[in-house]
Structures are given as C-alpha cells and as structure tokens.
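As structure tokens, the structure follows; a few thoughts come after it.
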There are 2 protein chains.
Amino acid sequence: MLDDLALFVCIVENGSLNAAAAKLDMPAATLTRRLQKLEQALGCRLLHRSARRLIPTGEGWQYFERCRPLLASLQQATASLDAELNRPAGTVRVLAPITLAGIMYRDAWASFLARYPEIQLELRLANEREDLLTQGADLALRVGELDDPLFGQRLLGWGHTTLVASPDYLARHPVLRAPNDLSGHTLLMAEPLTSWRLQHESSGERMTIQPDGPVRLRVNDMQLAIEMAVAGQGILYCPLRAAEAALADDRLRNPLPGWRGISLPVYALWPPQRTLPARVRVLLDHLLAYSAGSERLI
Amino acid sequence: MLDDLALFVCIVENGSLNAAAAKLDMPAATLTRRLQKLEQALGCRLLHRSARRLIPTGEGWQYFERCRPLLASLQQATASLDAELNRPAGTVRVLAPITLAGIMYRDAWASFLARYPEIQLELRLANEREDLLTQGADLALRVGELDDPLFGQRLLGWGHTTLVASPDYLARHPVLRAPNDLSGHTLLMAEPLTSWRLQHESSGERMTIQPDGPVRLRVNDMQLAIEMAVAGQGILYCPLRAAEAALADDRLRNPLPGWRGISLPVYALWPPQRTLPARVRVLLDHLLAYSAGSERLI
DNA sequence: GAATTAAATTGCAAAAATGGAATCATGCTC
DNA sequence: GAGCATGATTCCATTTTTGCAATTTAATTC
C-alpha cells in the first residue's frame, strides 16, 4: 500500500509508466497493475491514462502533493540510516567485568577511541553477567567458558591469575608450601575472583579453594584490593596483569612458589546476527588486535 | 519495503508479533517472514527475538525512531485524504459553453454554491470543446450528441433554440414564409450557434441553414447578440431561454411562424472512472435536479 | 487519411507471498 | 526441576504477484 503509493509518486514524477519503470528497474506491467490495485484500495482514480497521456486526477494531485514529501523523507531516512550503520560511527555499548575492562583492556579502549573519533563508546561495567539483549548491548567481554552457542563469540586471549602478598606480610607469617596452607592465612578477596583456582607449574595439578572463612577484606575493586595486599594486609588472588607493576618492583611476591593461578579464557560475545554492524565489527577487530599484540597474555 | 517497515514499527509499538498480528488482522507467520525479509533488505538485524522476548537492536531502535513519525504522518495523510475526498468539499472544475453556463445554468450555480459552502466551484467557460483531461476538469457540459463512449455521461435536458427578431425589424423587412427566405435578410450570428437548424412545428420537417454570406454581426456573447436583435439589427438564432424575457414582453418575436429551432441535448460529461468523487457527484446531482425542475426545458 | 510508433495494458507461465496448522523454543509456575 | 503455556517459526497447499511477450491504443508523420 505504501509501496504502491511510492510507485505512484514515482510515476507522476517521471511522467510516464515506462519512464518510472526504467528508473525503478521493474517492468511497466507491474506498475500498471499495482497502480490499479492502489486506485482500487483508495477508492478513487489517481491518473487518467491513455496510450499517449498520463494526467493525474484531482485526487491524484492531492495524494501526490501530500505524500511525496513524506515518502521522500522516509526514503532518505532509510538511505541515510543504511549509510550510517555501515560506517564505523554511532554508539557501541559494551558489557564487561569491571577489572577486565578497567585494568586489562584500559589501553585498548583508549586506542580505540583515538582511532575511531566518530564512535561513542559506552562501557557498562559489572562483575555480574548481564544479559546482552536486555541491556541493549552490542558486545560483551566474558571471562571463563561460555554456554550459549547461539551467540557470536571469539576468544580474545587468556587472563592469567596469581596469588600475591607483600614481602612484609610474608615475613610476618608462616611460609606457604601448599595451597591448603592458605587456610591459616589472612585472605583478601577481590570480586569476582571468589574461587581461587591454582595450578602446579610443573605437575599441572589443579586445586580450587573457596576462601569462605578467614577473609579479612572482600571488595569489588581490584585496584584497592591490590593496594591492601601491598600494604601487607593479606594474601590476594588476582589477575596477573593487575599486579604486574607491583610484582616487578617487589612490592608484591607470589607467596606460594611453584604454584600459579590458572588462566581463564576471555571471550568477546555478541548477539546472534549474521552481519555485525560496522561500529561493532571494528571494535571487535580492535580488541582482537590488541589481545594479539599483548601475546594473548592479559 | 515501506510496508514492511510499517509492519516493523507496528510490531515494536505492540511489543510482540502476535499483538501486532491481532491489531493488523493478519497471521503472525506473515509478520515473521516480512520482518525477516526487511532485515535482509536492510542488511541488519532489527529485533532480537526469542520465544519470549522481543527486543529491538540498536539498529532497530534507530529505524523505529526515525521512521515511526514519518510513517504515522503518511498513514494519517492517506486516511484524512480518504475522508476528505469522500466529503463534498474541495474544488470542482467545470468546463461549459459560455452561454449555456452563463444564461441557462446561472441559477443552478448560485443554488449549488449556496448549498455546498465547502466546495469551490471553478467554471472554465469556452465555446470550443476543450479536453476534460488536459484541462484537469471534473465535469463538462456539452451541447449536442457526444461521441466518446468511454466517458461518463448523463442527459441533463434539452436546449431549445429559436429565431428571433424585433417587431421593428420585421416591420421594415419582407415577411418570412420559409427558412430559405432568410437568405434575403440581415442575420446576426451568436457563436457557437453557427448552424441554424430549424424544424417545422407540425410536419416535423427539418432544415439546416449555414448563414455564411450576409451576416451583419458575428459575436461570441449571447447577451450582446440578443441586445442587437432587440435593437432591430437583424434576425438571430439563439437559445430560447436566452430570449425568453424579450419574447415575453414583445421586444422580440419569432420571425418565421410555424418553424422553431431544433432542440439540442445537453449532456454532463465526466472522465472515465467507476466512482465519482463526492464533490463532483453532488454537483452532477444538483444539475440533474435543476434540469428536472425546469422541466428539462433549458 | 493511412501508416508509424510510442505507450499502456493484458495473457500466461513461473515465482513469490499468504494463511492455517503444526512445531519449536523458552520463561513461568508448582 | 518438570510441566505448562505463550509466542515465534516453519511447513505446505493455495492464492497472489511478477515478468515477459503479445496486444491494444492513440498521437504523429507522411
């Protein structure tokens, strides 16, 4: 109906069925019939047509004048939207765990923003896994294995974890020899790393510790947790990357030599759709390149 | 495409395919498929849909926001136009011979205008038969038989004609006994009555005279021609109705007793279309009623 | 006035859309 | 956590629409 109206407008604009047919790249026969259908639907004749002339009726003119600007706006709107959506511009909404985004990918956001000045990045950080669809997000970063096979996903890299404590703390407390020794220590818990999963470096043996008893501090800010560890307040299980600087200059050490935290896969996840909008596509590519650049060690 | 977009907007407005299907009175299956087709055409997903949820994507929201107001305007425009065109309002353009409209139907226009205050009447008067379509006219009045069977037509009545001359003129000139006697007289010709067609009242015998020789005055204004006849300038062939008043008070007489001008059919003619717009319909009805009221004697 | 020609329309086979029923998926209740 | 109920999707017979070619129509030219 609206499409037929658009055809009618095109016919009037071009002055004949054949001209409109050429412009629209469809047979004139179709135009005739759809015009007839439209006239029937509207209950009035729109064009007086004979083999040689094509003259709008009074009704035809009225419909033409009233509908043409609106139809033109609509077509322009869809065309410009189409162009916009196929250009890396607009808002990209990303869901990510707080620490992952705030520490591991901090530089990735910065370079992304610098590279795509027309994209507005909206980071919605939360340690809880939120629903991509209800949040209206374009992309999510997830740590750990994914369960939804319908969603698009790519492995970005691996997030390494480690136990840390300050030399000061270690000097004041019993030496750790095995993971179970942790139960005698003061522990700091940084969400969302509530399960401490360790792996023996040579044997590959794995252990999972649920530090539920003697936790001195539980905080959902990784930076603060690390500062507390540096301050000698206890042993912390945290992303390797977050503690890198402190480990490098010996403000923190691994309290359990021979053991390290396991590595968790970091995935990018997006809603099921065949083709990703350009603005999301370029972010994904950027994140992939960034992860590869840091040797997938996050 | 635009129709599909309208469907999409309706789906978003109603929150689900089934709700939209109910409102639009079409099966949900159709909605699904046309939505899929639209998404394919636009090259992006518009709605995240699962069995229980229906959430517009970023693209979906953009299309929705941009297109909804335009689509609403369009639908409203067509709806209001539809209502308007089915109401006796707007402009009616009428083609008619000058004398017919100016003298015979003068009162009809007046009463029509009084009765339909919302109609603008546009009378395009010309003695030449002009093309309804190219003139963009809704209705034409035509005197004499019509030849185009495709156009809509109705007989409005009969236009009687007559010969007239002033008593003064008749006293100064030889008495007429038969039509051929006209050739000895001074003749006044009022366009478009260039063929003088006479009929014997009792025998029905018909004669056509082409007064090409001795025409004193040829004018395309009937009123002026009559005034010249009243002034005794010659014999005039004119519509009976135009001379009625002068005949009644003996300023004019029939110069050829026993003969009268023939009667010509007066038709209303309109472009081929099944249903006439309301504003034209009421004018036609009005003219028919007017003609019947004057006993079809014009 | 007859032939020409450009344009709209129609006929027919093929392709596409439709409508109703069955199926599949998933959030909600018990 | 299993069953239920709702909503999207798919299947298939039917109707509608399309595309091409042939036909008709009417203005223009010779």
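Everything numeric here is computed off the predicted structure, so don't read it as measured data. Sequence lines set the chain letters: A, B, ... in the order given, protein chains first and strands last, and positions in each chain run from 1.
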Given [N], is OP1 or OP2 found less than 4.0 Å from the side-chain N or O atoms of [X]?
{"X": "A:Thr30", "N": "D:dG19", "answer": "yes"}
{"X": "A:Asn18", "N": "C:dA8", "answer": "yes"}
{"X": "B:Gln36", "N": "D:dT10", "answer": "yes"}
{"X": "B:Thr32", "N": "D:dA8", "answer": "no"}
{"X": "A:Arg49", "N": "C:dT9", "answer": "yes"}
{"X": "B:Arg53", "N": "D:dA8", "answer": "no"}

May I ask you to decide if [Y]'s main-chain N or O and [X]'s side chain share a donor-acceptor pair within less than 3.5 Å?
{"X": "B:Arg93", "Y": "B:Arg124", "result": "no"}
{"X": "B:Ser195", "Y": "B:Gln210", "result": "no"}
{"X": "B:Asn86", "Y": "B:Asp82", "result": "yes"}

Interatomic distance, [X] [atom1] vs [N] [atom2] [rounded to whole Å]:
{"X": "A:His48", "N": "D:dA26", "atom1": "NE2", "atom2": "P", "answer": "15 Å"}
{"X": "B:Leu24", "N": "C:dT18", "atom1": "CG", "atom2": "C1'", "answer": "15 Å"}
{"X": "A:Leu31", "N": "D:dT18", "atom1": "CG", "atom2": "P", "answer": "10 Å"}
{"X": "B:Asp131", "N": "D:dA26", "atom1": "CG", "atom2": "C1'", "answer": "12 Å"}

query: Do other residues, nucleotides or ligands put more than 12 heavy atoms under 6.0 Å from B:Glu130 CD?
result: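 More than 12 heavy atoms, drawn from other residues, nucleotides or ligands, come within 6.0 Å of this atom.
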
message: Other residues, nucleotides and ligands only: do more than 12 of their heavy atoms fall within 6.0 Å of CZ on B:Arg197?
response: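 No, not enclosed.
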
query: Among the nucleotides C:dG19, C:dT10, D:dA8, which one has an atom lying closest to any side-chain atom of B:Ser16?
result: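 Nearest nucleotide to the side chain: D:dA8.
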
- prompt: From the list C:dA21, D:dC20, D:dA8, which nucleotide is the closest neighbour of the side chain of A:Arg33?
  reply: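 For A:Arg33, the side-chain atoms sit closest to D:dC20.
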
query: Which residue, B:Ala29 or B:Lys37, contacts DNA chain C at a nucleotide closer to its 5' end, judged by nearest heavy atom?
result: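 Between the two, 5'-proximity favours B:Lys37.
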
- request: Decide yes or no, distance alone: a donor-acceptor N/O pair under 3.5 angstrom between the base of C:dG19 and the side-chain of B:Arg34.
  value: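 Flag unset: no donor-acceptor pair detected.
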
